Amino acid sequence: MDHPTTIRDSYYLEPAQWARGRNAFTFLALVASIACLFGFFQDPAQFYRSYLVGFVFCVTIGLGAMFFVMVQYLTGSAWSVTVRRFMENIMMTLPVGALLFIPVAFGLPYLYSWMDRAMVMKDPVLVGKAGFLSQEWFIIRAVIYFVIWSFFAIGIYRQSTKQDREHSIQQMHVASRFSAPGLLLVFLTGTLASFDWLMSLDPRWYSTIFGIYTLAGGAVAFMATTTLIALGFRKFGMLKNSITEEHYHDLGKWMFALTVFWAYIAFSQYLLIWYANIPEETIWYRHRFEGSWIFVSFLVLFGRFIIPFAVLLSRGAKRNYMILGGISIWILFMHFVDLYWLIMPNFFKSGVALHWLDFACLAAVISVFALAFWFRLRRNALVTVGDMRFEQGLHFENI
């Protein structure tokens, strides 16, 4: 099929545009951080609990981005070329996550009951896990996670931006060589991180599928984030001809597919635990059906799966910018609710106890990650202009 000459977009932000975005994110980060500091002195335990939700919210989105970028390089995908730079910039927020892990490290006594060694030694189950659940190894493992994630993220990103300048196929091959072992290591370390940061909040509970559950949720939220970013630039008149209705259609399809995958994993975990009927496993769900938590549990079911499934099922919805934007915001909201549902019942077993720090900490962490994303737009192109498949990506059409 012959295509008409494509009207070229501007692929670089004007300095004034970039400065306005930087100032907005910096202001939000300062205000939210001051609020968090005030909350810390007021109630340190609540601060660390709320901070953990915001921290995991952003890191799981970054992991979803890294996983997807690696898949795109390994499969030689063309449709995603014009949106891949946004994905790579989200991926590059993970090194900043290493710095934002510091409050979590200081908050271990407030977050994890296994930090009470006297209590651990009285429990035969926890004694068997004591070698793994220790402060030293918890921090060492976190350092290893972020070193691995940063190594692969920076390695792939350097090749992508280098290709913008050299327009060589060599960078694609190098990025693919990073991606092959990277996929395995990101999946393995992401699973272990979810065990450490989330599952060990209840040290007696265990689920071998929990890592996939957490990563699947982050993947859905990542795709929603990418869609919102692209729509945001479109609203300001940028990349209208480079990220077309066809690309948004595929982003919508990915949100739909990942939503279904998350639901499959969530149901599988519930079914296996229900069928086995082991007290150490079933108690986790029982806590989430006590008091007002039962309403959050049903909100996760309907809001995380049924509503996005119903909205994104039709072709027309995936090609409607307003619907895509609205469901993306909803998916990100439900990602927060899901993580809140995973974390907070460990501390408030009788029911939901929303606190203003929940939102202050989330805003602080998101704004810092947003700054890390935005700074990548200062010198580099908004799209991967050097990719050999760029023209093919511009003219991509859904069948």
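Everything quoted here is computed from the prediction, not taken from an experiment.
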Problem set entry | Distance under 6.0 Å and angle within 45° of ring axis: Arg378 vs Tyr12 | no
Exercise. Quick check: are there more than 12 heavy atoms from other residues, nucleotides or ligands sitting under 6.0 Å from CZ of Arg286?
Worked result: no
Problem set entry | Check: Ser50 side chain, Phe47 main-chain N or O, donor-acceptor pair, under 3.5 Å | no
Exercise. Counting distance only, does the side-chain N/O of Trp293 pair as donor-acceptor with the main-chain N or O of Phe348 below 3.5 Å?
Worked result: yes
Problem set entry | Thr82 side chain to Leu394 backbone, donor-acceptor under 3.5 Å | no
For this session: Decide if the gap between the ring center of Phe86 and the ring center of Phe233 is smaller than 6.0 angstrom.
Result: yes
For this session: In plain terms, say whether Arg204 and Asp123 are close enough for a salt bridge, that is, a side-chain N and a carboxylate O under 4.0 Å apart.
Result: yes
For this session: Assess the pair Trp284 and Trp341: is the distance between their ring centroids shorter than 6.0 Å?
Result: yes
Problem set entry | Within 6.0 angstrom of Met121 CE, more than 12 heavy atoms from elsewhere | no
Exercise. Would the Tyr285 and Trp274 ring centres measure less than 6.0 Å apart?
Worked result: no
Exercise. Would you say Arg141's side chain and Phe132's backbone share a donor-acceptor pair under 3.5 angstrom?
Worked result: yes
Exercise. When you measure from the side chain of His249 to the backbone N and O of Asn320, does any donor-acceptor pair fall under 3.5 Å?
Worked result: no
For this session: Classify the side-chain pair Asp338/Tyr213 by whether it contains a donor and acceptor separated by less than 3.5 Å.
Result: yes
Exercise. Is it true that Arg319 and Glu246 make a salt bridge, defined as a side-chain N closer than 4.0 Å to a carboxylate O?
Worked result: yes
Problem set entry | Atom pair CD1 (Ile327) and CE (Met322), whose distance is rounded to the nearest 0.5 Å | 14.0 Å
For this session: Flag this pair as yes if the NZ/CZ of Arg376 is under 6.0 angstrom from the six-membered ring centre of Tyr157 and inside a 45 degree cone about the axis; otherwise no.
Result: yes
Seminar exercise, completed: Output for pair (Leu133 CG, Tyr112 OH), nearest 0.5 Å, gives 10.0 Å
Exercise. Do Arg20 and Trp18 meet the cation-pi criteria used here (NZ or CZ under 6.0 Å from the six-membered ring centre, within 45° of the axis)?
Worked result: no
Exercise. Considering residues, nucleotides and ligands other than Arg158, do more than 12 of their heavy atoms fall under 6.0 Å from its CZ?
Worked result: no
Problem set entry | Atom of Ile331, atom of Arg304 and distance for their closest heavy-atom approach | O-NH1, 4.2 Å
For this session: Say whether, by atom type as modelled, one donor and one acceptor occur between the side chain of Ser328 and the main chain of Thr227 under 3.5 angstrom.
Result: no
Problem set entry | Check: Asp164 side chain, Gly386 main-chain N or O, donor-acceptor pair, under 3.5 Å | yes
